[in-house]
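Inspection log for the structure reproduced underneath, given as structure tokens.
These numbers come from the heavy atoms of this one structure, side chains and all, not from hydrogens, waters or symmetry mates. One-based numbering, in listed order, for ligands and for the atoms of each.
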Amino acid sequence: MDLTTPLADIPKLNTRERTGLAKAGFQTAGDILTHFPRRYEDRRQFDSFPNAPSNNPFCINGIVTDRSLRRFGRGKQIFEATIEESEPTALSNPVVLRWFNLPWIHKNISVDHEVIAYGKPKLAGKRLVIDHPEYEIIKPDFEGPSIHIDRITPIYPLTAGVSQRPLRTLIHRLLHEVEAGAIPDLLPHTTNASAIQELTRYDALHQIHFPDDEDQKTAARRYFAFEEFFALQLNVARRRLHYLSQPGASHAAAESHLLNDWLADLPFALTGAQERAVDEIRRDLQSDLPMHRLLQGDVGSGKTAVAIAAMLDVVEAGYQAAFMAPTQILAEQHFLTLQKQLAKLDLRISLRTSSKKEDDFLELQGAPQIIVGTHALLHDGVSFDNLGLAVIDEQHKFGVAQRAALIEQGTVPDVLVMTATPIPRTLTMTVYGDLDVSIIDELPAGRGKIVTAVRPTAKTKEAAKFIREHLEQDRQTYIVYPLIDESETLNLKAATTEYENWAKRLDPFEVALLHGRIPPEDKETIMTHFRDGRIAALVATTVIEVGVDVPNANIMIIDNAERFGLAQLHQLRGRIGRGAHKSYCILLHGPKASEEALEKLAVLEGTTDGFEIAEADLKLRGPGELLGTAQSGLPGLQLGDLLHDTTLVKEARVLADHILDDDPDLKKAEHQALKSLLERTEESLVA
Ligand code: ADP
Ligand code: MG
């Protein structure tokens with residue numbers, strides 16, 4: 001038997017087991033052996049029974065002394081099993097294991113059973129209770145060396161149809177039936193990566209499932225975490241090679257008349273960081289190789305100006321530039337900015353959104369030189385005559401697939417993606433590892449400070465008074481309501497009601513309501529009036545989250561702020577603090593906001609630095625949730641920890657580049673095994 005042996009050929013499985021495993025997605029012995037433990041229990045030494053509630057889980061071993069199944073309400077059930085320590089001390093209390101509405105569990109657990117239970121004890125009346133513990137009934141092992149007890153025991157993630165003990169037994173058996181020769185090392189040992197030098201893949205596989213001790217367990221985890229990162233980096237590095245192998249062209253002119261004229265008229269000088277980014281981009285534009293560059297800069301750092309500089313270079317060389325934004329509001333704003341800043345240059349600039357498709361084209365004398373639009377430009381079959389540069393603003397709103405779609409369009413334009421760093425530096429290499437990166441690490445001078453305060457919603461009246469004082473000084477305000485899903489009529493109604501309340505509170509100042517379902521033309525009118533100051537306060541949903549730039553607005557109230565994520569709050573807050581005035585962000589939270597939610601909001605009180613906020617977010621939520629697997633193109637990592645395994649990620653990239661330098665198409669015999677690793681990752685990237 002080897003790793004490719006199909007489920008059907010694995011001996012000693014009955015039909016029910018085979019069906020269960022197949023349903024859980026296992027096709028081969030290798031699939032089963034690379035299903036890694038979620039955690040371990042050190043069953044050589046159990047915790048002593050808790051005598052107080054705790055936020056940390058306990059792993060205890062005891063004998064069932066009592067059980068009861070009760071009904072309550074309509075068809076609802078509680079099952080309880082009381083367990084006691086087998087050698088009780090004067091201090092030890094019984095613990096009650098409790099399950100709600102899981103009727104089959106009572107069939108598994110009888111008095112006198114020996115049980116291992118894992119979970120957090122809490123107080124229910126006077127009893128210590130663990131609700132819905134993970135548990136296992138201990139039966140004598142007849143399989144030789146102990147698999148389930150007296151060792152560091154693996155606990156696997158389960159899906160319906162596969163249960164803990166039989167899976168553990170099966171993995172233990174497969175490990176002994178698959179020969180060492182059938183588990184070759186996939187990665188070359190000639191690398192500097194310590195994670196894979198220390199042990200063979202065969203040993204790592206044994207140790208990850210049934211570790212001899214803590215050190216072996218750690219080493220095995222590092223081995224496979226490295227393997228995961230390596231597969232990811234190999235993918236990313238290959239994608240990068242693929243871009244670079246496409247026929248590109250130089251899209252920059254020798255002269256820079258347009259750029260210089262624009263700069264001469266610009267009311268500010270570019271910051272040093274903006275200049276550096278422009279230089280890096282221009283070098284790429286001049287090169288024959290296709291550009292794939294990421295421009296990272298915090299909200300308000302002035303990415304638009306960098307994009308304009310790049311587009312002017314390309315237009316000067318006789319090519320078209322496309323500027324794409326995630327929302328219509330933002331596309332329109334970019335269009336207005338370009339019209340205003342480039343007025344004297346006499347360029348043909350066209351806006352394409354869902355409401356404006358063709359009309360502008362007619363007014364232009366000839367093909368547009370700059371096309372501004374939403375990302376619908378990508379799939380609406382807009383034909384570009386000779387696209388030289390595509391700028392994609394607020395890239396974190398685009399999936400990797402969309403980025404790829406653009407790149408696959410016939411000719412190969414240079415591509416610049418821009419993001420306001422919703423992700424920490426440690427993740428950039430993984431999420432954007434196929435791109436070159438420019439960073440704007442400096443905000444334009446002369447910005448007013450942003451003061452942030454967290455307050456309960458009960459303080460809304462005071463907030464309104466505060467706003468009035470500023471409106472009287474001709475400032476403007478955003479009032480943001482969380483609509484998680486814009487299609488929810490109920491939420492829309494809530495925003496409408498709130499809008500009416502605010503209109504009264506701020507009377508006689510002009511207040512307007514803006515949300516995703518307002519018709520495009522009306523949205524445009526509202527934004528125009530807000531920009532020119534006719535509207536003093538905007539009650540809005542997160543449609544204003546990205547990009548909107550009205551420097552005179554210096555107050556933002558975010559209602560029920562606890563419902564937003566940190567990255568989103570940071571983006572929202574980025575709408576203020578754009579002018580010279582001091583700005584105020586008031587985060588209102590409901591009375592039921594949890595401790596964690598308040599901790600999250602406190603991060604924003606403490607800093608306006610996007611990187612710091614992203615790091616904090618990562619710590620609070622973990623990378624999976626932070627990035628949203630589908631959006632980021634990150635596969636679910638089984639073992640790799642993007643927060644702590646930074647070194648492994650770096651080493652994996654070095655090794656991936658090294659291998660591809662030597663064998664870009666992975667044609668060599670010794671690299672064939674890597675392909676399977678690559679395909680597995682690709683599948684999960686697409687999924
Ligand atoms: P973001 O990086 O968030 O997209 P923007 O490009 O919208 O930022 O720029 C934010 C504001 O800063 C705009 O009003 C813009 O005109 C202004 N700005 C950009 N660069 C500079 C600069 N070098 N000095 C002063 N103001 C600048
Ligand atoms: Mg922007």
- Can you find an N or O of Gly300 that's nearer than 3.5 Å to an N or O of ligand 1?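 Yes.
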Using heavy atoms and a threshold below 4.0 Å, how should the contact between [X] and ligand 1 be classified: side chain, backbone, both, or neither?
X: Arg447; value: side chain
X: Asp549; value: side chain
X: Gln274; value: side chain
X: Asp393; value: neither

So between [options], whose heavy atom ends up nearest [atom]?
atom: atom 4 (O) of ligand 1; options: Val548, Thr304, Val550; answer: Thr304
atom: atom 2 (O) of ligand 1; options: His334, Lys303, Arg575, Arg578; answer: Lys303
atom: atom 23 (N) of ligand 1; options: Ala269, Pro267, Ala307, Ala445; answer: Ala269
atom: atom 24 (N) of ligand 1; options: Pro444, Gly302, Gly272; answer: Pro444

- Task: Please identify each residue that fulfils side-chain hydrogen bond (donor to acceptor under 3.5 Å, both in side chains) with Thr452, with sequence neighbours left out.
- Result: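 Checked Thr452 against side-chain hydrogen bond (donor to acceptor under 3.5 Å, both in side chains); matches are Arg573.
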Quick one: does [X] get a heavy atom under 4.0 Å from ligand 1?
X: Ala420; value: no
X: Val306; value: no
X: Ser301; value: yes

- Residue pair Gln320 / Ala367: nearest heavy atoms and the distance that separates them: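 Nearest pair, atom of Gln320 first, then Ala367: NE2-CB, 4.3 Å.
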- Message: For Leu295 versus Ala277, what's the shortest heavy-atom pair and its separation?
- Response: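 Leu295 and Ala277 have their closest heavy atoms at CD1-CB, 3.7 Å.
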- Message: What verdict does the side chain to side chain donor-acceptor pair (under 3.5 Å) test give for Arg534 and Thr528, after you've listed the backbone C-alpha separation in whole Å, the side-chain angles of each residue and the deciding distance to 0.1 Å?
- Response: CA-CA 9 Å; Arg534 249 183 290 176; Thr528 309; over 6 Å; no
- Task: Please step through side chain to side chain donor-acceptor pair (under 3.5 Å) for the pair His334 and Asp393, ending with a clear verdict.
- Result: CA-CA 10 Å; His334 282 331; Asp393 196 13; 2.8 Å; yes
- Query: Arg447 side chain to Ala445 main-chain N or O, any donor-acceptor pair under 3.5 Å?
  - Reply: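 Not confirmed, Arg447 side chain does not pair with Ala445 backbone.
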- Message: Before we go on, tell me: are the rings of Tyr481 and His515 under 6.0 Å apart, centre to centre?
- Response: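 Ring centroids of Tyr481 and His515 are no less than 6.0 Å from each other.
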- Item | Within residues 265-277 or reaching into it, pairs that qualify as salt bridge (Lys or Arg N to Asp or Glu O under 4.0 Å) - sequence neighbours excluded |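 As it turns out, the salt bridge (Lys or Arg N to Asp or Glu O under 4.0 Å) pairs with a partner in residues 265-277, which skip direct neighbours, are Asp265-Lys344, Arg276-Asp441.
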- Near Val299, which atoms of ligand 1 are under 4.0 Å from a heavy atom of that residue?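 That gives atoms 3 (O) of ligand 1.
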- Are Arg293 and Asp414 ion-paired here, with the side-chain N under 4.0 Å from a carboxylate O?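 No.
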